[in-house]
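Notes for the one structure printed next.
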Amino acid sequence: MKTNLRASSGAVALAAACLFVLTAAAQPAKPKVAVVISTLNNPWFVVLGDSAKTRATELGYDATVFDSQNDTSKEAAHFENVIAAGYRAILFNPTDADGSIANVLKAKKAGIPVFCIDREINSTNAATAQMLSDNYSGCVALGQYFVKTVGREGQYAELLGLVGDNNTWNRSRGCHSVVDRFPGLKLVAQQTAEFDRAKALEVMESILQKHPDLDAVFCGNDAMAMGAYQALVSAGKTGQVKVFGFDGADDVVKLIAEGKTAATGMQFPKVMAQKAAEFADEYLKGNRDFQQKIPVTVELVTPANVHKYGDYGRKN
Amino acid sequence: MVGVAVLAVLCAVFPPFHVRSLKTVRGALASQQFNAVDFASGFWTEELLPAADRATDALVVVERIAVDPHAVREHFGRTVGVGRSYFLFLRGRGPVVSADETCVGLRLTPDGDEAQILIELGFVFGNSVRDATGLISASSYPNAQEFNEISAALNGIVETNVLPRLQPIAKVGHRIRFVGCAEIGDEDLDLKPLKLVPILVEPD
């Protein structure tokens with residue numbers, strides 16, 4: 001009797017398992033969305049990628065993040081794989097404004113819409129839409145604050161980002177469009193640190209040796225601002241050299257609140273990434289009416305308003 | 001010998017390379033490049049100034065700011081992309097209530113004496129002239145650098161053509177007619193007074 005009972009229980013369990021497997025197999029697989037990010041070696045881009053993935057998942061997609069490691073050839077390989085694997089849309093943070101166009105066109109030819117996030121490509125007919133931080137305007141505001149806090153005379157250095165990236169030059173030009181109007185402010189060193197914290201530390205140490213009387217440093221992103229700040233701590237010059245960054249990274253926002261760095265431009269990585277995922281969803285549901293370039297406002301964060309910002313955005 | 005002669009004739013008829021001066025090449029390249037100053041100059045006279053008639057009456061906006069500042073964006077503002085900031089394209093007239101070497105204040109409503117419109121003299125920064133009217137779209141430009149150069153060129157026209165006309169007529173008590181653009185980044189700071197970048201100023 002016991003044996004019969006055990007046997008029938010086993011049969012029920014087996015039937016239930018089979019039913020579960022069959023039901024799961026009968027359900028259509030979720031459409032796949034790729035999130036291709038220029039680099040995950042920077043917390044800001046990690047937030048960008050994670051936010052895009054999370055929003056795409058909420059909208060019912062199977063989202064995967066790919067790291068291009070700031071390498072256009074790795075990015076090209078990701079696009080090949082994504083196209084071959086049947087992804088339905090790509091949320092894309094490009095490595096190079098010109099070098100990435102071919103990848104986007106390849107996806108377009110395969111019928112896969114591409115939505116650029118944060119960084120643009122130099123084309124208006126490749127991506128479906130481009131959600132871009134208004135870097136230039138953000139740095140115009142930073143430049144005005146720079147002059148207000150440093151004064152109309154002094155020596156400053158600039159740490160540039162990747163030279164092939166439009167954001168590098170939009171930020172630099174935005175700041176210079178203001179600061180260059182004041183001839184008493186002398187740019188004594190301008191070097192790339194490729195948006196990288198460790199490189200910024202090295203470059204800043206070298207700059208400080210050559211220019212010990214520096215008054216300020218303008219950094220093209222907050223990772224470099226952190227590297228520059230570290231160099232200043234080591235040199236005992238945090239009180240002398242004002243650090244200006246860009247991104248709105250949490251660690252820099254905290255330093256501004258503590259009065260250790262001067263200002264940053266708050267980009268909104270979560271907003272941009274979420275919007276891009278929503279655009280992809282709209283596209284896949286039939287919408288084809290997208291503005292090609294959608295600027296996202298950058299807000300100036302200073303000690304006066306830093307309490308309003310945190311967690312890569314504005315507090316409610 | 002015959003071979004060399006044939007080769008020389010062929011080279012003369014079908015030269016394997018052409019020599020052009022660097023000046024010529026640079027000139028040709030420059031002509032293909034976007035010239036923001038030329039663009040801004042044409043845009044200013046052909047599109048921007050003719051659009052002045054459709055600017056919002058600044059008096060109506062100032063009166064709305066007094067009672068419901070948070071409604072200004074919805075009723076009169078133009079947003080570009082995603083963000084909290086917005087632009088206003090305004091025209092109006094009123095007396096100068098303050099003037100020094102840095103800025104000129106105007107009052108539009110008869111009550112009180114505080115400036116409701118502030119026009120800063122000196123350097124002009126930002127995108128209010130480019131973006132307040134909606135006549136120029138970022139999507140028309142292959143990269144942001146060209147689009148940003150337009151702002152700088154338009155601001156340059158304000159500095160060289162408009163502000164110098166304001167200074168001689170900006171005397172307290174004198175009335176001024178104006179058309180201009182404003183960017184509202186923070187409603188707590190930028191509405192009272194409105195900071196205007198003028199595209200037209202003249203005695204009223």
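Here is the naming used below: chain letters follow the sequence lines, and residue numbers restart at 1 for every chain. The analysis underlying the following values was restricted to heavy atoms, covering all of them including side chains, and did not include hydrogens, waters or symmetry mates. Predicted model, so just to flag it, every value in this text is computed and none were measured.
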CG of A:Leu187 to SG of A:Cys175: how many Å apart, nearest 0.5 Å?
9.5 Å
Interface moiety of A:Arg173 toward chain B, non-hydrogen atoms closer than 4.5 Å
side chain
Side chain / backbone / both / neither for A:Ser123 at chain B, heavy atoms under 4.5 Å:
backbone
If I measure from the heavy atoms of chain A, does B:Asn127 come under 4.5 Å with its side chain, its backbone, both, or neither?
side chain
Any idea which heavy atoms bring A:Val306 and A:Val253 closest together, and the distance?
CG2-O, 3.5 Å
Under 4.5 Å from a heavy atom of chain B, the part of A:Glu120 involved
side chain
Would you mind checking if A:Asp134 and A:Lys293 are paired as a salt bridge, meaning a charged N to carboxylate O distance below 4.0 Å?
no
Please classify the contact of A:Val298 with chain B as side chain, backbone, both or neither, using a heavy-atom distance under 4.5 Å.
neither
With a 4.5 angstrom heavy-atom cut-off, which part of A:Met272 approaches chain B: side chain, backbone, both or neither?
neither
Is any side-chain N of the basic residue among B:Arg177 and B:Asp204 closer than 4.0 Å to the acidic one's carboxylate O?
no
Does a salt bridge link B:Glu74 with B:Arg64, judged by any charged N lying under 4.0 Å from a carboxylate O?
no
Nearest non-hydrogen partners of B:Ala153 and B:Ala40, listed with the distance
CB-CB, 3.5 Å
Relative to chain B, which segment of A:Phe182 carries a heavy atom at a distance below 4.5 Å: side chain, backbone, both, or neither?
side chain
At a heavy-atom separation under 4.5 Å, does A:Val140 approach chain B through its side chain, its backbone, both, or neither?
side chain
A:Glu299 versus chain B, the contacting section by heavy-atom distance below 4.5 Å:
side chain
Tell me, for A:Leu300 versus chain B, whether the close heavy atoms (under 4.5 Å) come from the side chain, the backbone, both or neither.
neither
Check this for me: does any side-chain nitrogen of one of B:Glu114 and B:Arg107 sit under 4.0 Å from a carboxylate oxygen of the other?
no
Do A:Asp215 and A:Lys242 meet the salt-bridge criterion of a basic N to acidic O distance under 4.0 Å?
no
Tell me, for B:Asn155 versus chain A, whether the close heavy atoms (under 4.5 Å) come from the side chain, the backbone, both or neither.
neither
